[in-house]
Structure formats: C-alpha cells, structure tokens
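Input: a single structure, listed below in structure tokens.
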Amino acid sequence: MNPAAELPLLHDLNPDQLAAVTCAGSALILAGAGSGKTRVLTTRIAWLIQTGRCSPPGVMAVTFTNKASKEMQTRLAAMLPINTRGMWIGTFHGLCNRLLRAHHRDAGLPELFQIFDQADQLAAIKRVLKQLNIDTERFPPRTVQNFINKNKEAGLRAAKVDAWDPFSRRLNEIYAEYDTQCQREGVVDFAELLLRSYELLTKNALLREHYQMRFQQILVDEFQDTSQLQYAWLKLLKGAHAALFAVGDDDQSIYAFRGAYVGNMGQLMEDLALPAPIKLTQNYRSHSNILDAANAVIAHNSGRLGKDLWTAAGAGEPLRHFKAWNDTEEARFIVEEARTLHAEGERYSDIAVLYRANAQSRAIEHALFSAGVPYRVYGGLRFFERTEIKHALAYLRLLANPEDDNAFLRVVNFPARGIGARSLELVDEAARVGGISLWQAACGAGAGTGKKGLAAFVGLIEAMQSECAILPLQEKIAVVIERSGLLAHYRHEKDGADRVENLEELTNAAVAFAAESEDTTLVGFLGHAALEAGEHEAVAGQDAVQLMTVHAAKGLEFHAVFLSGLEEGLFPHENASAEADGVEEERRLMYVAITRARRRLYLLHAESRMLHGQVRYGIPSRFLDEIPPALIQSFSVPRAPSYAGVSMSAAPEVTVAQAENQPFKIGARVTHARYGDGVVGGYQDQGADTEIRVSFPKIGDKWFIVTLARLTAR
DNA sequence: CAATCAAACATTTTT
DNA sequence: TGTTTGATTG
C-alpha cells in the first residue's frame, strides 16, 4: 500500500483515484461519468496542501460553471482546516475578470469596465450594423455575433482574420468596428475577457512571469470543453515549471458548437509529453446494464482516447424501451410511469425527463400538468436575464460608467419619459460627429437645445449618482429602482407583480453577494450579475419531476431517467449530419444521457410526432440499435389504427367507451387536485385523447386529458 | 407610443 | 404549432 494512503483524506479512494490524486507533475485524467471526478480534483488540492507540496496561493483551479467552482470551494472548506481564500478557484471567465480588474491599466481598460452578456453583445452588434448602414438581411446580427465570437475564441483579432471572400471581409469589418465601439464604451464581452487577459499575459512579460511564478499547481475541470484560446491561456499561465492537472472525458464532449475543442486532450499529452492518461473507469452511479448500454453506444465512435465504464454494483433492471404511437402517448406513458414510481416510494425529484430539444418539453409538460404531477423545467430565463432586472442593472451600469451606450439606450426612455426616436436620432448624430458617447451627447443636447425629456433624464441620472455615492450597495439599488420609476411603472402594470417582486429581490441578491464575496462595490456586483446569471435549479425542498435537455443534464444524476424522442432526425438531430463529426457528437450526447440514470432508464420513441405544426413520422434512432438487445425490454401499447395521426382514412371510434371518455356531465361540479373546485364546461377530442374543459372561479378555463386529470365529483 | 397583426422561425448554450 | 419579431396602425 502506498504510504500516502495513510493520510485520512486518501482513505477509500480506489487505486486509480489514488494514483490521480497523488501523481507528480502534470497529468491528464480521463474521468468517466460518475467516477468521482470532483472528489479527485478536490482531494488532490487538499493533498497538495496538507503534504506541503504547494501553498494555497500557489493553487489555481478552473471550472466552466459557477456551480462547479462553488462546489469545489465548499468541499475544500470541509477537507481543509485553512481558509481557501488564497487560492484562485473560479470559472475561466471569473478568473479572467479578476486578472483584468487587477491590471486594467495594463490591459487597456478603464477601471470600471463593464461586462456584456450575450444579449448585450447582440444589442451592441445591432447598433454597429445600423451605424455602418448594413443590410441585416444579408448580415443577420446572429451571424455576425457567431463570427466575432468564433474568431475571438480562436484568439484572432479582426486584423489577424483571414477573410478572402467579400462576405467574410465585410463581416470582419463589422468585427473591427464592434471592437472599436466596445473599447470606446469600456465594455468587454465574454470572449473578450478571455482574449484580453490572454493578450495581457502575452504582451506583458513582467506580469506573466509573476503569475507563472505564483501558480505552481493549475487544475482544470471538464478539460474536454476547453476552447483553443482557453488551452493557450492555461499553457501561458503554466509556464515552464508549474503542473497542469487536467480532468476530462472525451466521450462527454458535447459543446463543440460553442467552441469546445476535444483535440486539446491529445494536444496536452503531446505538449507535455505525458505518457498516458490516468483512467478513472469505476462508476459509482449506475447498475451495469446501464453502463453496458453506454459503453456499447459510445464504442461506435472513432478516435476516442478509449475507456469502458464498469461497476461493482449488480446488473440491475433491464432498460425499458417503450414504443409510442405518437408524442402524446409518449407523454402519457411518462406520466403514468412517473406516478407509479412515486407511488412505490420514489421521490419525484429523483425522476428526470430528458430530451434533445426544448420544444419537446411542451407535450410532456402538458400531460404532467393535466395529471397534477409536480414538475420543473430547467432552462428558462434566469434571474439576471429578466427584462426588469436588466433594466435596473442598466441604470446601475450607467451610474458606474456613463459611457456605456448599451445601458443608455436600454433605459433612456424606460419607463417612458417622452424621449422618442427623433430626440435619440439627434443624440446619436451628435455622438457620432463629436466622437463622444451617447451620454455626453445627451448632456450637451439637454443643456443646449430645448429637449426637456433629455435634460430631465440627464438630471435624473446625475441626481441618482450623487445620492448613491456614499450609500452601501443594497441601498444604491433601492434608490435606483425607486427613483428611476421602474417600481412605479411595474406597480401600475396589470401583470407587474412578479416584476416588482424580482426588482425587490435584486437588493437581496446584492446583500447575498456582498456577504459571500466580501466585495461591496457596485462594479463587483455588476460583474457578478453578468458572469453569474442566476440559478437554474429547482427550488430546494420542492419535490418535482425534473425536465431538461440532455445538455442541461450533464453532471447530474437521477434514480430514473426517461429519455424521450429517440427518433432519427431528432436524436441524432438532422442538422448534425451536416456538421463534421456531427453524428459522433450526437452519440456522445446519447452517452451523457444514458449515464445520467442510476437505477432505471426508459428509452422512448414515438412513431409520429407533432413538429412545427406538422405530423412527422420518425424511424427509431440508430442509437437504439447500438444498445445490445439483451439489455433491453421492449414494449408498446397495442392500439387500433384509429388515431388520426397514424391513418387519416380510419374512422374515429366515437362510439367506443363514450362513458369512460366523458365521465362527467357538462355543468357537473368537480374538484381538481391542484386547482380546487370547478365546473365542467365541455369536451373535445384531441386525437387519441379526449380533453375536458373545466372552469375554475379564480383561474378561468383549463383543459385536461380526461384519462389523466385527477378530477373527482363533488 | 402602445397595441395589434402577420410573417418568419423553430438544435444544443457552462460564461 | 406556438412563439418571437417587425411593421403597421389607431
């Protein structure tokens, strides 16, 4: 036994984990799904420090999500008696932000530079396009945004981009102008955070050497998702002597479309002359039937680093493959099965429904909703992305940095204060001619001409500025949402109650931020808002079925997983076949999906599915065929071909089971599990299902599927 | 300026 | 099919 294993913190690591944790120098860890990756990462940091191999300030640990970085910090705090504050633990973007804040002058940025999120970036691009008088039909803002981000992620400034054809040349001109605008306004987008700090370290030898000296141990999570620029950034920081500990899984690389480059794994081995990756293949999550299925599917990919997952747990249940006639039946199956599982003692929150595309959630939500089964959909708008919050943040940004034209435009006339397109055009003109910001132009216009609205707006911002100057963060926010008129505006709006609540919640967010980060500055909070859009997760304590895309499920696990829509064209998605290695990436996505399940996995496919308002007939996904049949139990519900979607010519079975289809008389008083008392308003045939309309006094009319709705007579 | 309407459109999205 | 975007209109 390795003497190192005497340390309590290394107890019950398996041999591979132990080898990874205690390895010397740089390493690539190939960490399969559910193999204890996070544990290895945090234990290594703790081990490095406890054995005196590294001091806390010598550690940098990089993740992709705030969630992952928080989890790492929490676990470390539990393992180490010391404060983890000396370490740099955070996301790529968070750490770059930190670097640029500390050296803003060297990076050529104003002290209070602001961060654009995707939406801000898009708005800024639209402004550039307008200014350059560019036809947005030929150059859609999204295309421009992709072009800019792709190039930044590849480390290329506009001057370095190879643009030969007229189209890319024009795109590149827009890129250049966009960057100029950002620089003028003192804002950086997400990709810019990376590129700017990379350039800072490249150009500034003193700084580079300082950080290379400081960080002796650099650890990276989800290494397969790094972009080329991120990898270059890591290598730069690593320098000649530090150790780079990269943990990742090439089989779970599903973000190529966002610039992730799996090739970095092979490149790392080559660059650092590493012998072979350390493979963590023991899975602590799933039964072997599930793992065997995952292994079999992913084996169809080429160019893998290569690994098979195994488990000490038993075979477990077979996978269940359900063939539904259509998406409605698929959804109904999920509901019934979820209810059964729940009745058997499973918590709803341990059940997940995964799908390839968000649009698939609707049918499932509808069925769950009608049946009164609690559920939660991941992936909607997050807190800091809500319009009312963005408005409030824009006011705050304007206070911190009046040059921010994006923020200016967002709030100059919101709430409406009589500043129309005409006035704004004049301001815009003045700004362009004078080479000044909209804010400066507005100050001039407000004072000089008789533009009352503008003068009032300028006065308002200035008043808020002086009023807020000495207030603590949360009071600044309170003042801004009040004085700006945002609160009043939403209070008067009919459906504004939620928005008012969110605005008030913003002050709480500020308090929480100040407490957690010990940063009480406005700019600190704004950075936090841009880099951490807020939680996506379910409210703790609420027991609900989890609905999400397969992408969103990465890193999560559930007792039971329903994988819906396993049809050619949907999963693998039809667009994927056009992309290089597209199908292989879809297969990795399938691999991620399968490995989410602990005990039970349902594979669902529907013969016909309503897609974009049209019935589409799908053949079962090739991925189903790639799973050994011995692992699968297949079944379906026999059904007469009377469903309109299946056969247009078949006569509808109107006379069958009429009583069962319409269990309540119209006008009957019923009670619903969720909505309480109501009155039956009518019925409607919806393909295979009959729907019932119930009027609730407070809520209004609701439609339910008769066979699913939990209605009782009263 | 808000409200309404037709047209376009619909993978995935850690920051 | 359902949502989002933009253009038109009162």
Side-chain angles (χ1 to χ4, degrees), chain A residues 62-71 90-97 115-122 126 136-137 140-142 145-146 149 152-153 188-194 221-222 224-227 229-230 252-260 327 354-363 365-366 378-380 382 384-385 413-422 453 493 527-536 548-556 565 569-579 582 585-586 588-590 592-593 609-616 686:
Chain A
V62 199
T63 63
F64 275 88
T65 64
N66 294 297
K67 193 178 156 202
S69 110
K70 255 188 217 143
E71 188 183 347
T91 63
F92 276 101
H93 295 84
L95 296 179
C96 286
N97 182 35
I115 301 167
F116 271 180
D117 66 14
Q118 296 281 27
D120 296 324
Q121 186 188 34
L122 196 63
K126 284 180 184 165
T136 50
E137 299 274 285
R142 292 242 169 245
Q145 188 177 30
N146 276 335
N149 290 337
K152 286 194 179 186
E153 271 154 26
V188 297
D189 57 49
F190 287 147
E192 184 72 23
L193 281 170
L194 262 309
D221 191 18
E222 305 277 19
Q224 78 283 351
D225 288 338
T226 50
S227 68
L229 179 60
Q230 283 161 341
Q252 292 190 71
S253 164
I254 55 174
Y255 283 108
F257 71 94
R258 273 187 109 270
D327 46 350
L354 308 185
Y355 34 79
R356 175 67 243 267
N358 284 310
Q360 287 167 256
S361 76
R362 193 165 305 129
E365 282 182 67
H366 178 79
Y378 282 65
R382 294 185 290 181
F384 289 111
E385 290 168 352
N413 195 36
F414 193 94
R417 45 176 74 89
I419 300 172
R422 246 187 350 273
E493 213 176 61
H528 166 80
L531 292 176
E532 191 167 350
E535 294 298 314
H536 250 337
M548 66 192 86
T549 63
V550 180
H551 280 92
K554 196 177 117 181
L556 306 178
L570 229 202
F571 199 175
H573 198 276
E574 55 195 346
N575 295 0
S577 52
E579 293 157 22
E585 175 133 332
E586 294 289 302
R588 292 192 289 268
L589 200 50
M590 179 71 182
V592 168
R609 178 179 299 278
M610 194 64 105
L611 210 61
H612 308 330
Q614 235 138 37
V615 178
R616 293 222 342 202
Q686 280 287 88

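The sequence lines fix the lettering, A, B, ..., with proteins before strands; numbering per chain opens at 1. Bear in mind that the values here come from a model prediction, so they are computed numbers and not experimental data.
Listed nucleotides: B:dT13, C:dT1, B:dT11. Nearest to the side chain of A:M610: C:dT1. Distance from the side chain of A:T91 is smallest to B:dT15 among B:dA2, B:dT11, B:dT15. Of all nucleotides listed (B:dT13, B:dC1, B:dT15), B:dT15 comes nearest to the side chain of A:H93. Checking B:dT15, B:dT13, B:dT11 against every side-chain atom of A:E579, the shortest atom distance belongs to B:dT11. The nucleotide whose nearest atom lies closest to any side-chain atom of A:A552 is, among B:dA2, B:dT13, B:dT11, B:dT13. The nucleotide whose nearest atom lies closest to any side-chain atom of A:A357 is, among B:dT12, B:dA2, B:dT14, B:dT12.
Each of A:I254 and A:A530 was assigned the nucleotide of DNA chain B with the nearest heavy atom; the assignment lying further toward the 5' end belongs to A:I254.
Note on A:N66: a side-chain N or O is less than 4.0 Å away from OP1 or OP2 of B:dT15. Under 4.0 angstrom from either OP1 or OP2 of B:dT13 there lies at least one side-chain N or O belonging to A:N358. A close approach under 4.0 Å does not occur between any side-chain nitrogen or oxygen of A:R609 and OP1 or OP2 of C:dT1. OP1 or OP2 of B:dT15 has at least one side-chain nitrogen or oxygen of A:R382 nearer than 4.0 Å.
Using a distance-only test at 3.5 Å, with no hydrogens or angles considered, no donor-acceptor pair links the side chain of A:E579 to the main chain of A:A576. A donor-acceptor pair under 3.5 Å links the side-chain atoms of A:N66 to the main chain of A:L531, judged by distance alone. Put simply, the side chain of A:Q252 never gets that close to the backbone of A:Q224: no donor and acceptor are under 3.5 Å apart. Using modelled atom types, no side-chain atom of A:E222 and backbone atom of A:T63 make a donor-acceptor pair closer than 3.5 Å.
A salt bridge links A:R588 with A:E585; the closest basic N to acidic carboxylate O contact falls under 4.0 Å. A salt bridge links A:K554 with A:D225; the closest basic N to acidic carboxylate O contact falls under 4.0 Å.
Following rounding to the nearest Å, A:E586 (CD) and B:dT11 (C1') show an atom-to-atom distance of 8 Å. Atom CZ of A:R142 is separated from atom P of B:dC9 by 13 Å (rounded to the nearest Å). A straight line from NE2 of A:H612 to P of B:dA10 spans 8 Å, rounded to a whole angstrom. To the nearest angstrom, C1' of B:dT15 lies 11 Å from CD of A:E385. Here the C1' atom of nucleotide B:dT11 and the NZ atom of A:K554 are 17 Å apart, to the nearest Å. Atoms CZ (A:R417) and C1' (B:dC1) sit 15 Å apart, rounded to a whole Å. One can place CG of A:D117 at 12 Å from P of B:dT15, the figure rounded to the nearest angstrom. Summarising the geometry, the separation between CE on A:M590 and C1' on B:dT12 is reported as 16 Å, rounded to the nearest angstrom.
The residue A:Y255 sits close to a base: some heavy atom pair falls under 4.0 Å. Contact annotation for A:G94: no contact, since no heavy-atom pair falls under 4.0 Å across all strands.
With centres under 5.5 Å and a plane angle under 30°, the ring of A:H573 is stacked against the base of B:dT11. Ring-to-base geometry places A:F257 in a stacked arrangement with B:dT12 (centre distance under 5.5 Å, plane angle under 30°).
The P atoms of C:dT4 and B:dT13 are separated by 15 Å, rounded to the nearest whole Å. When the C1' atom is used for both C:dG6 and B:dT11, the distance is 24 Å, rounded to whole Å. Here, C:dT3 and B:dT14 have their C1' atoms 25 Å apart, quoted to the whole Å.
Put simply, the side chain of A:R362 and the base of C:dT1 share no donor and acceptor less than 3.5 Å apart. Scanning atom types as modelled, no donor and acceptor separated by under 3.5 angstrom connect the side chain of A:Q118 and the base of B:dT13.
The aromatic rings of A:Y255 and A:H551 are tilted relative to each other, their planes meeting at an angle between 30° and 60°.
In this structure B:dT12 sits in the anti conformation; its chi angle is more than 90° from 0.
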